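Only one structure is covered here, and it is reproduced in the block below.
In the text below, chain A, chain B and the rest are named by the order of the sequence lines, each starting its count at 1. Side chains are part of it too, since the values below use all heavy atoms of this structure and drop only hydrogens, waters and symmetry mates. Everything quoted here is computed from the prediction, not taken from an experiment.
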There are 2 protein chains.
Amino acid sequence: MNIAKRKILQAASELFLEGGIAALSVRSIAKHAGVSTIGIYSHFQGKEGILDELYIQGFELVMQAMDFEQHDLSPKEVMRRGIRGYFAMAEAHEGHYRLIFGENDSRYTPSEEAKNVAEKAFGQLLKVTALLLPDDANMALKHKNALEIWAFVHGYVSLKHHAVASIFETPDWYVMAEDALCMHIDAILATHTHLNSE
Amino acid sequence: MNIAKRKILQAASELFLEGGIAALSVRSIAKHAGVSTIGIYSHFQGKEGILDELYIQGFELVMQAMDFEQHDLSPKEVMRRGIRGYFAMAEAHEGHYRLIFGENDSRYTPSEEAKNVAEKAFGQLLKVTALLLPDDANMALKHKNALEIWAFVHGYVSLKHHAVASIFETPDWYVMAEDALCMHIDAILATHTHLNSE
DNA sequence: TTCTTTAATATAACGCTGTTATGTTCAATC
DNA sequence: GATTGAACATAACAGCGTTATATTAAAGAA
C-alpha cells in the first residue's frame with residue numbers, strides 16, 4: 001500500500017478511536033496525515049471511502065473477539081467466552097462499534113466489499129451459536145438462533161453506549177448481561193434436549 | 001403555546017418522520033413552518049431545543065406503546081402485548097426511536113427535562129416487567145429484570161433498523177423476536193417459581 | 001536528452017450546515 | 001407620545017464534504 005494512503009488511514013483510525021465520528025472531518029484527517037485535503041479523494045473515495053475502511057476494521061474486530069481456541073471447551077463455555085470478548089471489544093472500540101451498527105446520522109452505507117466482510121463475520125457468529133443446536137439443525141433454525149443471541153448481546157451493548165444508560169447506576173452492567181445470556185443459553189439448550197428425547 | 005412555536009414544532013415533527021435527522025436542518029424547518037431561521041432560536045434553543053422536543057415525543061411514544069388495559073391478562077400476556085406495541089412503535093417512528101437511543105452523530109445530549117421523561121418511561125417499563133417477579137422482589141432484581149427484557153427487545157429493533165439486517169432475508173423478523181422473548185420470559189418465570197417452591 | 005503524458009499535489013471555490021450580530025418593525029407599557 | 005422589549009429579516013461567520021482549476025513532479029517514448 002502507498003505510504004500516503006497508509007498515513008491517511010492511520011490518522012483516520014486514531015482520530016476515530018479518540019473522538020468517534022465527530023472528530024472525523026476530511027480536513028482534520030488530512031492535516032493529521034500531513035497531506036492535502038484532496039489527498040483523501042485521490043487515495044480514497046472521499047469520506048465514504050474512509051468510513052468504509054473503518055467499517056471493515058470494525059467487523060474484523062468483531063471476528064477477532066470471537067476467534068479463540070475452542071478445543072476442550074463445552075458449547076456453553078465457548079459462548080460465554082465469545083460473549084465476553086464481544087463486550088470487551090465493544091467497550092474498547094465504541095467508535096467502530098457504533099459505525100458498523102449505523103449509529104450515526106451520516107448518510108454512509110457500506111460498500112459491497114464492506115458488506116461482504118460483515119457477512120463473513122456473521123458466518124463466524126453462526127458457527128459459534130450453532131454449537132447450542134443439535135447437529136442436524138437446519139439453516140433457518142441456525143439463523144434464528146444466531147440472531148437471537150446477537151440481538152440480546154447487542155441490546156446490552158447498545159443500551160450501555162447510549163444516554164439512557166445513565167438511568168441505571170449499574171457498575172456491573174456486563175456481569176448482569178452475562179448472567180442473563182447464560183440463562184437464555186440454558187433455555188435454548190433445554191429446548192433441544194427436550195425435543196431430542198421425545 | 002405560541003402559534004409560531006407550534007408551527008415550528010409540527011414542521012420539525014413532519015420532516016423528522018419523513019426523512020429522519022438528515023432532513024432536519026434549521027433552515028428547512030423554518031421554511032416549512034413559514035418563519036425565519038432566527039425563529040428557531042427565539043422560540044427554541046436552536047436545533048438542540050428542537051431535538052429535545054422530539055426526544056420527549058419519542059419517549060411519550062414508548063409510554064403509549066406500553067399503556068393498555070391490563071385487566072384480566074396474565075403477566076405473560078401483558079408482556080407479549082407490551083412487546084408487540086413496542087415493536088410497532090419502533091417501526092412506525094424509526095426517526096424518533098433512533099433519536100432517543102442516540103443513534104445519530106449529532107452532539108445532542110438530552111436536557112434534564114428530557115431525561116426526566118426518559119426515566120418516567122423506564123418507570124413504566126419497570127412496572128410491567130415486575131409482573132414476572134414475585135411480589136417481594138427487591139428493587140435491584142426489578143432493575144436487572146427490566147434491563148434484561150429491554151436489552152433483548154431493543155437488540156432486535158436496533159439490528160432490524162441497521163444495515164446488517166440485510167444479511168438476513170427475514171420477513172417475519174418480529175415474529176421471531178416475539179418467540180425468542182416468550183421463551184426467555186418463560187425461563188424467567190420458571191426461575192422464580194422454582195425459587196419459591198424450595 | 002527532449003517531449004509528452006500521467007499522477008499527485010495545492011489553492012480556491014461551491015453549496016450546505018448551525019449559529020449569531022446587526023438592523024428593523026411592531027406592539028405594549030409608562 | 002416616548003420608551004422598552006420582543007419578534008422579525010438580512011446577512012454574515014466558521015465549519016463541513018466535495019470539486020474545478022492550476023501547478024508540480026515523475027515516468028515513458030522519441
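Side-chain proximity of A:Ser25 to C:dT20, C:dT9, D:dG17: nearest is D:dG17. Out of C:dT11, D:dG17, C:dT9, the shortest distance to the side chain of A:Thr37 is found at C:dT11. Checked against D:dG17, C:dT11, C:dT20, the side chain of A:Ser36 finds its nearest nucleotide in C:dT11. When each of D:dT18, D:dA9, C:dT9 is scored by its nearest atom to the side-chain atoms of A:Ile38, the top-ranked nucleotide is C:dT9. Closest to the A:Ala4 side chain, of the nucleotides C:dG18, C:dT9, C:dA12, is C:dT9.
In the hydrophobic cluster analysis, where Ile, Leu, Val, Met, Phe, Trp and Tyr join through side-chain heavy atoms closer than 4.5 angstrom, A:Phe68 is grouped together with A:Leu132.
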Begin with the C-alpha distance, continue with both residues' side-chain angles, and end with the deciding distance and a verdict on ring-ring contact (aromatic ring centres under 6.0 Å, His included) for A:Trp173 and A:Phe87. CA-CA 10 Å; A:Trp173 183 283; A:Phe87 284 150; 9.5 Å; no
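Rounded to a whole Å, the CD1 atom of B:Ile40 is 14 Å from the P atom of C:dT20. If you take CZ of B:Phe44 and C1' of C:dT19, they are 17 Å apart, rounded to a whole angstrom. The OH atom of B:Tyr41 sits 16 Å away from the P atom of D:dA9 (whole-angstrom rounding). Spacing between atom CG of B:Leu15 and atom P of C:dT17 amounts to 12 Å, rounded to whole angstrom units. When the P atom of C:dT20 is taken as reference, atom CD of B:Glu48 falls 12 Å away, rounded to whole Å. With rounding to whole Å, B:Arg6 atom CZ is found 15 Å from D:dA7 atom P. Rounded to whole angstrom, the span from the NZ atom of A:Lys7 across to the P atom of C:dA8 amounts to 15 Å. If you take NZ of A:Lys47 and C1' of C:dC16, they are 14 Å apart, rounded to a whole angstrom.
The base of D:dG15 lies outside donor-acceptor range of the side chain of A:Arg27, with no N or O pair under 3.5 Å.
Results of the salt bridge (charged side-chain N to carboxylate O under 4.0 Å, His left out) test with B:Arg84 over B:Glu178, B:Glu91, B:Glu77 single out B:Glu178 as the only residue that passes.
Put simply, A:His43 has no side-chain N or O that comes within less than 4.0 Å of OP1 or OP2 on C:dA7.
Using a 4.0 Å heavy-atom criterion, one finds that A:Leu24 contacts the sugar-phosphate atoms exclusively.
The local environment of CD in B:Gln10 is sparse, with at most 12 non-hydrogen atoms from other residues, nucleotides or ligands closer than 6.0 Å.
Counting only heavy atoms from C-beta outward, the side chains of B:Phe44 and B:Leu9 approach each other to under 4.5 Å.
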